[in-house]
Q: 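Shown below is the structure under consideration.
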Amino acid sequence: MNVLLIGPPGSGKGTQGKRLADLLSLEHLATGDLLRAEVDAGTELGRKAEEIMADGELVPDSVIIDLVMPKVRAANNRNGYLLDGFPRSVDQAVEARRLAEEYDATPDAVIYLDVPRDELKRRILARAESEGRIDDNEETVTNRLRVFDEATAPLVDYYRDRGLLHTVDAARTEDEVTESILAVLPKT
Ligand code: AMP
């Protein structure tokens with residue numbers, strides 16, 4: 001099974017992505033984590049992405065597509081993927097679908113993690129204390145939420161129109177959210 005997890009920063013994509021990937025034996029592909037690994041390793045890609053990420057903007061589509069699509073293809077040849085943080089715009093979704101169709105790796109379901117705005121800010125600033133991510137400060141968070149509204153939120157309609165979207169109330173406990181996601185996923 002192939003699953004996409006979309007939601008604003010702080011909606012729990014990372015946490016739920018890890019849990020679902022474990023429970024369903026899927027490959028957890030988190031584009032933010034892949035990019036942070038490139039930054040930490042000091043690769044050319046990491047050097048290009050670092051400043052963009054620190055500002056809360058999106059790295060260019062071609063960079064992210066070249067990074068993630070080979071992994072999508074490989075995971076599809078195994079038990080499937082759990083993509084967290086990609087696509088982040090309709091342009092990325094269209095290009096990813098074109099490529100995924102070529103190797104029969106299109107998603108079976110898209111989960112949208114829905115959380116009210118004030119709860120998102122509270123969670124991200126709490127995470128800033130515990131994880132120390134450089135993009136979890138108040139100014140960058142505001143920008144990341146704006147980027148979400150402008151670039152990523154239109155994906156909700158895009159996937160609803162394709163009959164793939166499941167909206168989950170993600171302002172509840174981690175266990176409740178995981179259970180709701182498992183309940184809406186197609187049975188394999
Ligand atoms: P995340 O860990 O998903 O919150 O991602 C952290 C940052 O990585 C984002 O704010 C973006 O700068 C970058 N990023 C992650 N995924 C993507 C993507 N699909 N497209 C462009 N930039 C991305």
Q: Applying the 4.5 Å side-chain criterion to the ILVMFWY set and letting contacts propagate, would Val72 and Leu82 be lumped into a single cluster?
A: no
Q: Using every non-hydrogen atom in the two residues, find where Ala171 and Arg123 come nearest and quote the distance to one decimal.
A: CA-NH2, 3.6 Å
Q: Quick one: closest heavy-atom pair of Leu35 and Ala49, and the distance?
A: CD2-CB, 4.2 Å
Q: Which is it for Glu44 and Arg47 under the salt bridge (charged side-chain N to carboxylate O under 4.0 Å, His left out) test, yes or no, and what are the steps along the way?
A: CA-CA 5 Å; Glu44 196 185 329; Arg47 282 197 297 278; 5.4 Å; no
Q: Which heavy atom of Pro107 sits nearest a heavy atom of Leu164, and at what distance?
A: O-CD2, 3.9 Å
Q: If two hydrophobic side chains count as joined below 4.5 Å and joins carry through other members, does Tyr159 share a cluster with Phe148?
A: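 Yes, Tyr159 connects to Phe148 through the hydrophobic network.
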Q: Is it true that atom CD of Glu179 has more than 12 heavy atoms of other residues, nucleotides or ligands lying nearer than 6.0 Å?
A: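 Incorrect, the count does not exceed 12.
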Q: Counting only heavy atoms not in Glu101, do more than 12 fall under 6.0 Å of its CD?
A: yes
Q: Is Val168 reachable from Leu23 through a run of hydrophobic residues whose side-chain heavy atoms are each under 4.5 Å from the next?
A: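 They do share one cluster, since a chain of ILVMFWY contacts under 4.5 Å joins Leu23 to Val168.
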Q: For atom CD of Glu102, decide whether the heavy atoms of other residues, nucleotides or ligands shown that lie under 6.0 angstrom number more than 12.
A: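 Correct, the count exceeds 12.
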Q: Which pair of non-hydrogen atoms, one from Ala96 and one from Met69, has the smallest distance, and what is that distance?
A: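 What the structure gives for the nearest pair is O-CE, 3.6 Å.
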Q: Would Phe86 and Leu34 satisfy side-chain contact (heavy atoms from CB on, under 4.5 Å), going step by step from the backbone distance to the final call?
A: CA-CA 11 Å; Phe86 176 87; Leu34 294 173; over 6 Å; no
Q: Counting N and O atoms only, with roles assigned by atom type, does the side chain of Thr140 sit under 3.5 Å from a partner on the main chain of Asn137, one being a donor and the other an acceptor?
A: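 Answer holds: no.
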Q: Working to the nearest 0.5 Å, report the span between CD1 of Ile134 and CE of Met53.
A: 7.5 Å
Q: side-chain contact (heavy atoms from CB on, under 4.5 Å) for Val59 and Thr31? Distances and angles first, verdict last.
A: CA-CA 10 Å; Val59 306; Thr31 45; over 6 Å; no
Q: Has Arg162 got its NZ or CZ under 6.0 Å from the middle of the six-membered ring of Tyr158, at an angle within 45 degrees of the ring axis?
A: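 Yes, a cation-pi geometry holds between Arg162 and Tyr158.
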Q: Could you go through the salt bridge (charged side-chain N to carboxylate O under 4.0 Å, His left out) check for Arg144 and Asp136 one step at a time?
A: CA-CA 9 Å; Arg144 285 160 67 205; Asp136 276 348; 2.9 Å; yes
Q: Closest heavy-atom contact between His28 and Ala21?
A: CB-CB, 3.6 Å
Q: Treating Arg19 as the side-chain partner and Thr178 as the backbone partner, does any N or O pair qualify as donor plus acceptor under 3.5 Å?
A: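 Checking the backbone N and O of Thr178 against the side chain of Arg19, no donor-acceptor pair under 3.5 Å is found.
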Q: Just so I know, are the side chains of Ser11 and Leu120 near enough to count as touching, which here means a heavy-atom distance under 4.5 Å?
A: yes
Q: Short question: side chain of Lys13, backbone of Asp84 - any donor-acceptor pair under 3.5 Å?
A: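 It does not hold such a pair.
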Q: Is it true that a side-chain atom of Asn79 and a backbone atom of Leu26 form a donor plus acceptor pair closer than 3.5 Å?
A: no
Q: Within the structure provided, determine whether Val156 and Arg160 are in side-chain contact (heavy-atom separation under 4.5 Å).
A: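 When only atoms from C-beta onward are counted, Arg160 and Val156 do touch, with a gap below 4.5 Å.
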Q: Within the side chain of Thr152, is there an N or O that forms a donor-acceptor pair under 3.5 Å with the backbone of Arg88?
A: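 Yes; judged by distance alone, with no hydrogens or angles, the pair exists.
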Q: Between Asp149 and Arg146, is the closest basic N to carboxylate O distance under 4.0 Å?
A: no
Q: Hey, is CG on Asp161 packed in by over 12 heavy atoms from elsewhere, all under 6.0 Å?
A: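 Counting other residues, nucleotides and ligands, CG of Asp161 exceeds 12 neighbours.
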Q: Is Glu119 reaching over with its side chain to a backbone N or O of Pro116, donor-acceptor style, under 3.5 angstrom?
A: no
Q: With a 3.5 Å distance limit and no angle check, can you tell me whether Gln16 reaches the backbone of Glu174 through a side-chain donor-acceptor pair?
A: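 Judged by distance alone, yes, a pair lies under 3.5 Å.
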Q: Rounded to the nearest 0.5 Å, what separates atom CZ in Arg97 from atom OG1 in Thr106?
A: 5.5 Å
Q: State whether a side-chain donor-acceptor pair under 3.5 Å links Arg73 with Asn76.
A: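 Checked: Arg73/Asn76 side chains show no N/O donor-acceptor pair below 3.5 Å.
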Q: Would you compute the distance between atom CG of Leu5 and atom NE2 of His166 and round it to the nearest 0.5 angstrom?
A: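 Separation between the atoms: 12.0 Å.
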Q: Under the 3.5 angstrom rule, does the side chain of Tyr81 hit a backbone N or O of Lys71 as a donor-acceptor pair?
A: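 Here the side-chain-to-backbone pair does not exist.
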Q: Can you check whether Asp169 reaches Asp114 side chain to side chain, under 4.5 Å on heavy atoms?
A: no
Q: Taking atom CG of Leu58 and atom OG of Ser89, what is their separation to the nearest 0.5 Å?
A: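 If I round to the nearest 0.5 Å, the distance is 6.5 Å.
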Q: Any chance you could measure Asp55, atom CG, to Glu50, atom CD, to the nearest 0.5 Å?
A: 11.0 Å
Q: Could you walk me through whether Val3 and Leu20 pass side-chain contact (heavy atoms from CB on, under 4.5 Å), step by step?
A: CA-CA 10 Å; Val3 182; Leu20 293 165; 5.8 Å; no
Q: Let me know which of Leu185, Ile6, Leu4 forms a side-chain contact (heavy atoms from CB on, under 4.5 Å) with Ile111.
A: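 Going through the options one by one, the only one that passes is Leu185.
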Q: After noting the C-alpha distance and the side-chain angles of Lys121 and Leu145, does the key distance pass the side-chain contact (heavy atoms from CB on, under 4.5 Å) rule?
A: CA-CA 9 Å; Lys121 287 198 173 160; Leu145 290 169; 3.7 Å; yes
Q: Is Leu83 reachable from Val184 through a run of hydrophobic residues whose side-chain heavy atoms are each under 4.5 Å from the next?
A: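 No.
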Q: Taking everything shown except Glu131 itself, do over 12 heavy atoms lie less than 6.0 Å from its CD?
A: yes
Q: Are any side-chain N or O atoms of Asn2 and backbone N or O atoms of Gly80, one a donor and one an acceptor, separated by less than 3.5 Å?
A: no
Q: Quick one: do Leu29 and Leu24 end up in the same hydrophobic cluster if we chain Ile, Leu, Val, Met, Phe, Trp and Tyr together by side-chain heavy atoms under 4.5 Å apart?
A: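 No: no chain of side-chain contacts under 4.5 Å links Leu29 to Leu24.
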Q: How far apart are the closest heavy atoms of Lys48 and Ile52, and which atoms are they?
A: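 In terms of heavy atoms, the two residues are closest at O-CD1, 3.5 Å.
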